[in-house]
Amino acid sequence: MIREKLAENIRKALMSARESGELAFENMPEIALDPPKNKAFGDFTTNVAMVLAAQSGGVPREIAARIVDKLGDAGGLVVRAEVAGAGFINLYVKPDWLHDVLRRIGVEGADYGHSNVGNGEKIQVEYVSANPNGPITVAHGRGAAVGDTIANLLAACGYDVTRESYINDAPNSTQMQNFGKSVHARYMQALGKDYPMPEDGYQGEYVMDIAKDIVKEYGEKFLDLPVDECVLKFTRMAEDEMLALQKQNLAQFGVKFDVWFSEATLHESGKVEKAIDELKKRGHAYEKAGALWLKSTAFGDDKDRALIRSNGQPTYIAADTAYHYDKFQRGFDRIIDCWGPDHHGYIARTKAAVAALGCDPDKLEVIIYQAVRLLSGGEIVMMSKRAGDVVLLSDLIDEVGKDAARFFFLMRSSDSTLDFDLELAKSESSENPVFYVQYAHARICSILRKAEDVGVAVPAAADVDLSVLTADGELDLIKKLAELPDLIAEAAAKREPHRLTRYAQDLAAIFHKFYTECRVVGDDEAVTKARLVVVKSTLTALANTLTVLGISSPDKM
RNA sequence: GCGGCUGUAGCUCAAUGGAUAGAGCAUCAGUCUUCGGAACUGAGGGUUAGGGGUUCGAGUCCCUUCAGCCGCGCCA
């Protein structure tokens, strides 16, 4: 588009200046063209003169002046080019580049903002990955929103994305055993027995619900079973129920996985053993104190990690190593794991394990999102699964709605802890950013309904004289629309979904301003038609942004 | 002790190494109120935690000090 054309012309100017001896440089610098922060600095600005000065010497402003001189009107694209500040070149582009933006949006529609930079590269995003011993909680919620949106972003950029969640269902894990014991204790209690909960048992209400379900279906049938056998049976039953519940919770949140990968199957299929054998074969495993260890220190980890305990049971790390080995064997070009903050210490060992297996650890990328604090009336709502006062994702959705929940989880950089203000999220006012954004969408729909009422159809951009668009409110809005493709590409590349929520808010604000300044459906037919194109284009860009975020675009509110 | 994240306006947070550090909320003052007022305009408010360094140029990169949160198992 326009920027490639401008960059090409700048390159030509540079070459020409070098040939005439006015500039000296060895390597053609990258031509960065950015919309300036301050619109008094033109439509696009480039720092190429300063880059050249740093590379080959010279005074930036003088270099800039020579480039401007050679650039001329850049083949008719540029109205004015000027040197500013420390050596920036500010370009004022002929206004019809904005018309191209509108025409492009009209043609691309729901694909506007998407690209093919991924070029079909196979990429896997793993997120949520909860223990199947309880419902999805608010703590999982951020991971679900972040992982899902990163997957959406990558898909929008032409990657071949696989969404996957790992089920931590290893039958001999202490967590799952504890869970089974808790269900068992509640079962006994539900039948009126005085039976103690295990130490570190799961106190959540849902455990009692599971027990009651078992009583309802089977009555006292399991009362005489040996405890161990009964616990195992209950673990399996409860796990199935929880997994189904988790899927339901996530579906309610707009999250669906292509693959649910069970840890238990890794043990059953012998893949854990195989991975361990491979590590032994490669000489990266050794025995000590009756246990088998991975020599992860040889690959940058702080200490070696146990693979098989002295009691013969494989550790979580062993299974996780087998899991990542399996991912690599499935042929992904890139693997992204999305983990909570308590897992940051596992990056080094997971990469070490992968490297020890002969896979490229650089293909494995781990995104750590920081914790969520729920605030209600300024007070922190406590979350602890075992204590039972956990906040469930389904409760949060019931409270504030799916859209607000997703938007709030995605508002901040993943690196920052997130304070989730419940009152704000459910307030139906302009203070609530998700309402502000959705309101803009609904308002546009309302304008389009109005146009329909008075019998004006929204024309195609190509059929309209767009040169009547000259007001600041109109031009600012179109410039914002023009940013979307770069924004999505950048948010995808940096794995930063929060750029989208910010863009949505900015776009909504600029639209509201436009709305105040520019009446759309009015007496002047030419202006009405052109503005309808602008409004419809805004609708498209806003809806596309919200779609990537997994948030609905309401026609009415 | 080791490691991670964070520290920016009264509050919550933005800012590919770029120009005068920006939004929202709150406060104060206004607009408009026939396309949805869930809107818009303006003002005040800053030593980007402190110190050093790198360079044309640092909130951003490096070093260091301080503060807050989190993690550091033959748990998962």
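A, B, ... follow the sequence lines: proteins, then strands. Residue 1 opens every chain.
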| Qualifying residues under salt bridge (charged side-chain N to carboxylate O under 4.0 Å, His left out), relative to A:K280, sequence neighbours excluded | none

| said: Expressed as a whole number of angstroms, how long is the span from A:L52:CG to B:U55:P? | reply: 19 Å

| task | With the side chain of A:M557 defined as its heavy atoms from C-beta on, choose the nearest nucleotide among B:C75, B:A38, B:A19. | result | B:A38

| Between A:Y202 and A:F179, what is the ring plane arrangement, given parallel below 30°, perpendicular above 60°, and tilted in between? | perpendicular

| query | Residues from residues 521-529 of chain A sitting under 4.0 Å of RNA chain B, heavy atoms only? | reply | A:V521

| message | Counting only side-chain nitrogens and oxygens, does A:K288 get under 4.0 Å of the OP1 or OP2 atom of B:C74? | response | no

| query | Do we see A:F88 stacking on the base of B:G18, given a limit of 5.5 Å between centres and 30° between planes? | reply | no

| query | Given that both distances must come in under 3.5 Å, which nucleotide forms a Watson-Crick or G-U wobble pair with B:G1? | reply | B:C72

| said: In whole Å, measure the gap between the P atoms of B:A29 and B:A23 for me. | reply: 22 Å

| query | Within 45° of the axis and under 6.0 Å from the centre of the six-membered ring of A:Y92, does NZ or CZ of A:R80 qualify? | reply | yes

Compile the donor-acceptor pairs under 3.5 Å between side chains in residues 47-59 of chain A and protein atoms, sequence neighbours left out, one pair per line.
from, atom 1, to, atom 2, distance (Å)
A:Q55, NE2, A:N27, O, 3.3
A:S56, OG, A:A24, O, 3.4

| All pairs passing side-chain hydrogen bond (donor to acceptor under 3.5 Å, both in side chains) where residues 530-539 of chain A contributes a residue, at least two apart | A:E474-A:R531

| task | Give the B/S/- string for nucleotides 5-15 of chain B, one per nucleotide from 5' to 3', where a protein heavy atom under 4.0 Å of the base yields B, of only the sugar-phosphate yields S, and otherwise -. | result | SS-----SSSS

| query | To the side chain of A:P341, which of B:C35, B:C70, B:U20 is closest? | reply | B:C70

| request: With sequence neighbours excluded, tell me which residues meet side chain to side chain donor-acceptor pair (under 3.5 Å) with A:D476. | output: A:K39

| said: Just to verify, what does A:D326 make a salt bridge (charged side-chain N to carboxylate O under 4.0 Å, His left out) with, not counting sequence neighbours? | reply: A:K271, A:R330

Do any side-chain atoms of residues 502-512 of chain A form donor-acceptor pairs under 3.5 angstrom with protein atoms, and if so which ones, sequence neighbours left out?
from, atom 1, to, atom 2, distance (Å)
A:Y503, OH, A:K480, O, 2.7
A:Q505, NE2, A:T501, O, 3.4
A:H512, ND1, A:R443, NH1, 3.0

Cut-off 3.5 Å, no hydrogens considered: what does the side-chain donor-acceptor table look like for residues 518-527 of chain A, sequence neighbours left out?
from, atom 1, to, atom 2, distance (Å)
A:R519, NE, A:V521, O, 2.8
A:R519, NH2, A:V521, O, 3.4
A:D524, OD1, A:A526, N, 3.0
A:D524, OD1, A:V527, N, 3.2
A:E525, OE2, A:K529, NZ, 3.2

| Charged N to carboxylate O below 4.0 Å: is that the case for A:E496 and A:R499? | yes

| field | Distance, rounded to the nearest Å, where A:R305 contributes CZ and B:C75 contributes C1' | value | 13 Å

| said: Which residues in residues 508-516 of chain A have a heavy atom closer than 4.0 Å to any atom of RNA chain B? | reply: A:H512, A:K513, A:Y515, A:T516

Output one line per pair: protein atom, nucleotide atom from nucleotides 60-63 of chain B, and distance, for all N/O pairs under 3.5 Å.
none

| Counting side-chain heavy atoms from C-beta on, which of B:C35, B:A19, B:G18 comes nearest to A:N47? | B:G18

| task | Establish, for the pair A:R406 and A:F409, whether the NZ or CZ atom is under 6.0 angstrom from the six-membered ring centre and no further than 45 degrees off its axis. | result | no

| A:K479: salt bridge (charged side-chain N to carboxylate O under 4.0 Å, His left out) partners, not counting sequence neighbours | A:D43

| field | Rounded distance in Å between the P positions of B:A14 and B:G57 | value | 29 Å

